[in-house]
Amino acid sequence: MEKKIFAMDMDGTCLDSRSRISDETLTWLHRAKAQGVEIIPTTGRPLSCIPHQLKEEKIYRYVITSNGAVVTDTQEGKTIFSALMPLETAVSLMEECEGSGLGMTAHIEHEYLLQGRLLAALGRLHYGKDASNAKAIRKLIPYAKACQKDVEELQFFFFSQSARKRTQASLAGHTGVAAAYTDHYVEIYSKDADKGTALAAAARYLSIPRDNVACIGDGENDIPMFQEAGIRFAMGNAVPALKSAADKVVSSNDENGVAQAIQCLLKYNNRRSI
């Protein structure tokens, strides 16, 4: 079997709605690895908050984090690719947006930094053990300045509409960054960072052709990954744009969609559709 990449999104894809990886999914991930498939978690999370089940199972070596800002060889502790936000830009955004109704977090040097205990408590409530390595910081701006490191990603949580509007106005003045909004927060990262660019960099590093690169996801931030993969799976719970771009739509994240995709991938060859 030719060597392949299987790049998989985490939240909403590999993890179910309770932020857990099912036994069936883990079984098929191990089968894929045993057949030479390079499993590459591809996530908006920083490296320190990769799902603990994956860490414990030792399924992966390479990982794409912070929405494509960094690709890491975890075995050698080596950065393969990075597209970081300059510290000056990150600090400017935080200073412009901080205030009433806004919660701030940052990914710096693989760590997840949260300003204040409230966000840390919410993180533990939502992500459980996966959030155990997150760090609560009393004041994020001076901490970031002291680190003197460029930033993988910022996340601003909206507890009021005024905080959202303040953030939107600030981002309009920063052309060097990209932003992905949800109902409750926005992820901010370098305009040169996305999952597709990172996946292409990983494939080049591993000398694996595009036709042998497979991916699976559920959200709009997975679209760039689809553009760089030869085999594309969308979850049953995926956004419509991702489903329309997929070669195959599998079951939802609560119905072992990733396991289903791996079964298809292991049967796939260039002469037969999935």
Side-chain angles (χ1 to χ4, degrees), residues 1-16 21-22 24-45 50-51 53-54 57-65 67-68 71-74 80-81 194-239 241-253 255-274:
M1 179 178 179
E2 292 182 314
K3 192 166 185 179
K4 291 183 173 68
I5 284 174
F6 184 64
M8 59 176 181
D9 174 55
M10 293 287 97
D11 296 285
T13 300
C14 185
L15 280 72
D16 64 20
I21 306 174
S22 72
E24 182 173 348
T25 295
L26 287 171
T27 295
W28 280 99
L29 285 169
H30 278 293
R31 288 181 182 177
K33 181 182 178 182
Q35 293 194 38
V37 177
E38 198 70 62
I39 307 295
I40 302 184
T42 306
T43 178
R45 299 183 182 199
I50 291 294
Q53 288 173 280
L54 287 184
E57 296 288 333
K58 302 187 185 331
I59 290 171
Y60 65 90
R61 172 174 177 174
Y62 305 95
V63 59
I64 296 170
T65 53
N67 277 310
V71 184
T72 305
D73 177 344
T74 62
I80 295 170
F81 168 86
D194 63 59
K195 291 183 178 182
T197 302
L199 179 57
R204 286 194 302 272
Y205 183 80
L206 295 169
S207 299
I208 295 178
R210 183 179 182 276
D211 286 348
N212 286 353
V213 175
C215 70
I216 186 167
D218 73 304
E220 290 185 1
N221 64 343
D222 295 317
I223 291 174
M225 184 165 64
F226 270 43
Q227 295 168 345
E228 297 294 339
I231 309 166
R232 299 165 293 271
F233 298 97
M235 299 297 290
N237 53 291
V239 297
L242 210 65
K243 288 182 177 180
S244 65
D247 297 304
K248 184 176 182 64
V249 177
V250 294
S251 300
S252 77
N253 61 324
E255 300 169 312
N256 299 307
V258 167
Q260 183 182 337
I262 293 171
Q263 292 175 60
C264 293
L265 178 64
L266 295 182
K267 296 175 183 177
Y268 172 81
N269 64 52
N270 292 329
R271 296 179 298 280
R272 182 173 59 195
S273 69
I274 58 174

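- With Q260 contributing its side chain and V250 its backbone, the two residues share no donor-acceptor pair below 3.5 Å.
- Using a distance-only test at 3.5 Å, with no hydrogens or angles considered, no donor-acceptor pair links the side chain of K4 to the main chain of A32.
- The minimum heavy-atom distance between I216 and A261, with the atom names listed, is CD1-CB, 3.7 Å.
- Between the CD1 atom in I262 and the CG atom in L29 there is a gap of 4.0 Å [rounded to 0.5 Å].
- Heavy-atom minimum distance, A7 versus L199: CB-CD1, 3.7 Å.
- Using a cut-off of 4.0 Å between Lys/Arg side-chain N and Asp/Glu carboxylate O, K3 and E38 are scored as salt-bridged.
- D218 places no side-chain N or O within 3.5 Å of a backbone atom of N237 that could act as its donor or acceptor partner.
- Here the side chains of L206 and Y62 are in contact, with some heavy-atom distance below 4.5 Å.
- A heavy-atom distance below 4.5 Å is found between the side chains of F6 and V258.
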Legend entry - Derivation of the side-chain contact (heavy atoms from CB on, under 4.5 Å) call for L242 and F226: CA-CA 8 Å; L242 210 65; F226 270 43; 3.6 Å; yes
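- Interatomic distance, R204 CZ to R210 CZ, rounded to the nearest 0.5 Å: 13.0 Å.
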Legend entry - Check against side-chain contact (heavy atoms from CB on, under 4.5 Å), V71 and Y205: CA-CA 10 Å; V71 184; Y205 183 80; over 6 Å; no
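- The two residues C14 and T25 come nearest to each other via the heavy atoms SG-CG2, 4.3 Å.
- Taking each heavy atom of I5 and A203 in turn, the nearest pair found is CD1-CA, 3.8 Å.
- Put simply, the side chain of N253 does not reach to within 4.5 Å of the side chain of T13, judged on heavy atoms.
- Atom CD1 of I50 is separated from atom CZ of R45 by 7.5 Å, given to the nearest 0.5 angstrom.
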Legend entry - Full working for side-chain contact (heavy atoms from CB on, under 4.5 Å) between I64 and F81: CA-CA 9 Å; I64 296 170; F81 168 86; over 6 Å; no
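- Across every non-hydrogen atom of F233 and A246, the tightest pair is C-CB, 4.3 Å.
- At least one side-chain heavy atom of I59 sits less than 4.5 Å from a side-chain heavy atom of L26.
- Note that CG of L15 and CD1 of I21 are 5.0 Å apart. Values are rounded to the nearest 0.5 Å.
- Put simply, the side chain of T42 gets close to the backbone of I40: a donor and an acceptor are under 3.5 Å apart.
- Using a 4.5 Å cut-off on side-chain heavy atoms (C-beta onward), M235 and D9 make no contact.
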Legend entry - Audit row: R232, C215, side-chain contact (heavy atoms from CB on, under 4.5 Å) steps and yes/no: CA-CA 5 Å; R232 299 165 293 271; C215 70; 4.2 Å; yes
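- Minimum interatomic distance between D222 and G217 (heavy atoms only, all atoms of both residues): OD2-CA, 3.4 Å.
- At least one donor-acceptor pair closer than 3.5 Å links the side chain of T74 to the backbone N or O of R61.
- Side-chain N or O atoms of K243 include one that pairs as donor or acceptor with a backbone N or O of G236 at under 3.5 Å.
- When the shell of 6.0 Å around CD of E220 is examined, it contains 12 or fewer heavy atoms from other residues, nucleotides or ligands.
- Rounded to the nearest 0.5 angstrom, D194 CG and E228 CD are separated by 8.0 Å.
- If you take CD on Q227 and CE on M225, they are separated by 11.0 Å, rounding to the nearest 0.5 Å.
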